[in-house]
2 protein chains.
Amino acid sequence: MKARVYVMLKTGVLDPQGEAVRHALGSLGFDGVQGVRQGKLIELDLADGTDEAVIAQMCDKLLANTVIESYRIEVL
Amino acid sequence: MKARVYVMLKTGVLDPQGEAVRHALGSLGFDGVQGVRQGKLIELDLADGTDEAVIAQMCDKLLANTVIESYRIEVL
């Protein structure tokens, strides 16, 4: 089975990487870019029948820093 | 308007970051993780009415390295 985990910085946490992208888009002539946030997309290839709770444990322990990041799990 | 861009390494391109995550998950006792690929998730806050073709240009010029990465655009 496959699963996707989306990890984003929580609202209010400064995102210098996203800010750099926003600035670069402006420099390239793309107007109207009001904000950019950059996160991670992790595709997992797991043993069939892996419980979503196990994936959440993976996120809590390794994939996301839950102090500053939130995550969303999508089982495919 | 908001849009999300998902950037992943193309199939066949080595992903050492994903491989490191796979190994770390195994070390933490998560069995059955057969593969991990790590990509980027970019959330854009754009001027209303921005065309999807413009977002594709942003991807081609800056957000993705189309030699080794593929991207998918989702307009919210």
Side-chain angles (χ1 to χ4, degrees), chain A residues 1-11 13 15-65 69-74 76, chain B residues 1-11 13 15-65 69-74 76:
Chain A
M1 63 175 277
K2 291 197 180 256
R4 286 203 191 109
V5 173
Y6 304 93
V7 180
M8 289 299 291
L9 284 169
K10 288 181 179 170
T11 314
V13 177
D15 180 2
Q17 200 174 8
E19 196 52 33
V21 170
R22 191 187 65 75
H23 191 261
L25 285 172
S27 302
L28 286 171
F30 293 107
D31 297 325
V33 182
Q34 285 142 27
V36 179
R37 307 278 289 170
Q38 185 164 333
K40 285 182 289 187
L41 160 56
I42 301 160
E43 282 189 0
L44 300 163
D45 194 358
L46 301 165
D48 283 343
T50 303
D51 201 78
E52 196 168 318
V54 174
I55 306 174
Q57 276 182 32
M58 292 179 188
C59 293
D60 289 330
K61 286 193 180 170
L62 183 75
L63 304 179
N65 175 356
E69 291 172 328
S70 59
Y71 62 84
R72 186 164 58 83
I73 296 166
E74 182 187 23
L76 305 181
Chain B
M1 62 175 278
K2 290 196 182 257
R4 286 202 191 108
V5 174
Y6 304 93
V7 180
M8 288 301 289
L9 284 169
K10 288 181 179 170
T11 314
V13 178
D15 178 3
Q17 200 174 8
E19 197 51 33
V21 170
R22 192 187 64 77
H23 190 261
L25 285 172
S27 303
L28 286 170
F30 293 106
D31 297 324
V33 182
Q34 285 143 26
V36 179
R37 306 278 289 172
Q38 186 164 332
K40 286 183 288 187
L41 160 57
I42 302 160
E43 282 188 0
L44 300 163
D45 194 358
L46 301 166
D48 283 343
T50 303
D51 200 77
E52 197 168 318
V54 175
I55 306 175
Q57 275 183 32
M58 292 180 188
C59 293
D60 290 329
K61 285 194 180 170
L62 183 76
L63 303 179
N65 175 355
E69 291 172 329
S70 59
Y71 62 84
R72 185 163 58 84
I73 296 167
E74 182 187 25
L76 306 179

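Chain letters run A, B, ... following the sequence lines, proteins first and then strands; every chain starts at 1.
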Max heavy-atom pairs within cutoff under 4.5 Å with chain B, candidates A/Val7, A/Leu62, A/Asp48, A/Leu44, goes to A/Leu62
Straight-line distance of A/Tyr71 OH to A/Met58 CE, nearest 0.5 Å: 11.5 Å
Nearest 0.5 angstrom please: B/Asp15 CG to B/Leu9 CG, how far? 5.0 Å
Give the member of A/Val5, A/Leu28, A/Leu46 that has the highest number of heavy-atom pairs under 4.5 Å with chain B. A/Leu46
In this structure, CD of B/Gln57 is separated from CG of B/Leu63 (nearest 0.5 Å) by 11.5 Å
Which heavy atom of B/Arg72 sits nearest to which heavy atom of A/Arg4, and what is that distance? NH2-NH1, 4.2 Å
Any residue of residues 35-43 of chain B which, by heavy atoms, sits under 4.5 Å from chain A: B/Gly35, B/Val36, B/Arg37, B/Gln38, B/Gly39, B/Lys40, B/Leu41, B/Ile42, B/Glu43
So which of B/Lys2, B/Lys61, B/Met8 has the largest heavy-atom pair count under 4.5 angstrom toward chain A? B/Met8
The interface call for B/Gln17 against chain A, heavy-atom contacts under 4.5 Å, is neither
Residue-level contacts of residues 18-26 of chain A with chain B, using a heavy-atom cutoff under 4.5 Å: A/Val21, A/Ala24, A/Leu25
What is the minimum heavy-atom distance between A/Glu52 and A/Ile73, and which atoms define it? CG-CG2, 3.9 Å
